[in-house]
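Below is one structure, written out as structure tokens, with a few remarks after it.
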Amino acid sequence: MSNFKNIFDQYNWDSVLSDILSKTERDVQKALDTNNRTIEDFKALISPVAKPYLEQMAQLSYQITKKRFGNTIQMYAPMYLSNECQNICTYCGFSMTNKIPRRTLSDQEILKEVAFLKSKGYDHILLVTGEANRTVGVAYIDNAIKLIQSKFANITIEVQPLDQEDYELLIDSGLYAVLVYQETYHKGEYKKHHPKGKKSNFDYRLETPDRLGRAGVHKIGLGALFGLEDWRADSFFTALHLQYLQKTYWKTKYSISFPRLRPHSGGLEPKVEMTDSDLVQLICAFRLLDEDVELSMSTRESEVFRENIVNLGITSISAESKTNPGGYAVEPQSLEQFEISDERSTEEVVTMLKSKGLEVVWKDWAHNWK
């Protein structure tokens, strides 16, 4: 049975990072001059020596994105169903050790939140929960999907990793896509940040996209949480993971997200800072590596940053996000998972996107192109 872990185990974190840091200007120029970029070219494009080429990378990224996606950008909204969690994660406001009021939405409360998001125009929703098997396990998620599936064109989830048969059940109920971030591909650092709970199992999490691929999900979202470890090495492993999945589960679509560590209750300072220009460099590098992959940007980032990045490779963006259960209409004051940065309304973000010459798409591309 095919498994990314077999490929992952062939790589050494320190060697990968050393290789990225030793790339030369000649390597960068070669990567920019070719149309069929490899994972080695990607290393060059995320290396420190590529920084002076950022303008050229941005122009190429812009051209490729326009060619592949046109003047469109997709809008989605996260909806937090529960902040109950059995894991200890050092960087998360929902961590089991944080003494916060816990809340899980009822059916009636879910529908109240849905009514708010529908009034804003959303047709693509991301359901988010903490990782608490007893209260928000497969049965709860399955019920939530069935409850709202007639109201949205696309339902995506970001919940605890599940077994293949669980994903198959949810797909039958109307699940469209799953986001599962490795957080960091550095095994030692991963253990440090996930000392307790099911999430502490690095390999089980690493193999989740394989289970999703075998289950036949329409789309898989990958990413690392930047700030836990060196962003360049984590990005390399994300790209390696992406290319393996594309080759193995070629009927599935893929997206990449770029979350940077944000303040939360009981906060963690980033171990490694990722600057704005670093993030621009990475987004452009992913677009130059893969013209088809969807690149997503959440409200973790500031208004100014998001305005500058929407034409440089990003194809999907959220707005007016609440990271607390019931945050839109039920209980706006409950505790957030992390602080958002761009607090503009959906209408304000839509106006901004239109001013950039972009047409807003409210559901997923595939469903618009059928």
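In this chain, numbering begins with 1 at the start of the sequence shown. Reckoned from all heavy atoms, side chains included, excluding hydrogens, waters and symmetry mates.
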Pairwise side-chain contact, Ile314 with Ser296, heavy-atom cut-off 4.5 Å (strictly under): no
cation_pi(Lys118, Phe152) dist<6.0 Å, angle<=45: yes
Other residues, nucleotides, ligands: >12 heavy atoms within 6.0 Å of Gln59 CD: yes
Pairwise side-chain contact, Asp27 with Lys43, heavy-atom cut-off 4.5 Å (strictly under): no
Distance under 6.0 Å and angle within 45° of ring axis: Arg103 vs Tyr80: no
Evaluation steps, salt bridge (Lys or Arg N to Asp or Glu O under 4.0 Å), between Glu320 and Lys120: CA-CA 10 Å; Glu320 204 170 338; Lys120 294 285 183 170; 3.3 Å; yes
Distance under 6.0 Å and angle within 45° of ring axis: Arg232 vs Phe226: no
Val159 and Leu127, any side-chain heavy atoms less than 4.5 Å apart: no
Sole candidate of Phe236, Tyr181, Phe4 that passes ring-ring contact (aromatic ring centres under 6.0 Å, His included) when paired with His241: Phe4
Thr72 (side chain) donor-acceptor with Glu359 (main chain) under 3.5 angstrom: no
Modelled atom types, side-chain donor and acceptor of Glu348 and Ser345, under 3.5 Å: yes
Flag side-chain contact, heavy atom, 4.5 Å: Gln246 against Tyr254: yes
Ring centres under 6.0 angstrom apart (Phe237, Tyr244): no
Joint hydrophobic cluster, Tyr62 plus Val280, side-chain heavy atoms closer than 4.5 Å: yes
Arg37 side chain reached by Leu45 side chain, heavy atoms, under 4.5 Å: yes
Test salt bridge (Lys or Arg N to Asp or Glu O under 4.0 Å) applied to Lys187 and Asp203, step by step: CA-CA 9 Å; Lys187 242 178 166 172; Asp203 290 347; 3.4 Å; yes
Nearest atoms (heavy-atom pairs only) where Val28 meets Ala44: CG2-O, 3.6 Å
Any Leu105 side-chain heavy atom under 4.5 Å of Tyr140 side chain: yes
Beyond-backbone contact of Met75 with Val361, side-chain heavy atoms, under 4.5 angstrom: no
Glu25 atom CD: more than 12 heavy-atom contacts under 6.0 Å: no
Trp13 vs Tyr185, ring pair (Phe, Tyr, Trp, His ring centres under 6.0 Å): CA-CA, chis, key distance, verdict: CA-CA 8 Å; Trp13 176 280; Tyr185 286 85; 8.1 Å; no
Any donor-acceptor N/O pair, Glu294 side chain to Thr315 backbone, under 3.5 Å: no
Cluster overlap Leu312 with Leu282, hydrophobic side-chain contacts below 4.5 Å: yes
Atom of Val128, atom of Pro78 and distance for their closest heavy-atom approach: CG2-CB, 4.4 Å
Neighbour count >12 (heavy atoms, 6.0 Å) for atom NZ, Lys354: no
Heavy-atom neighbours of Lys151 NZ exceed 12 at 6.0 Å: no
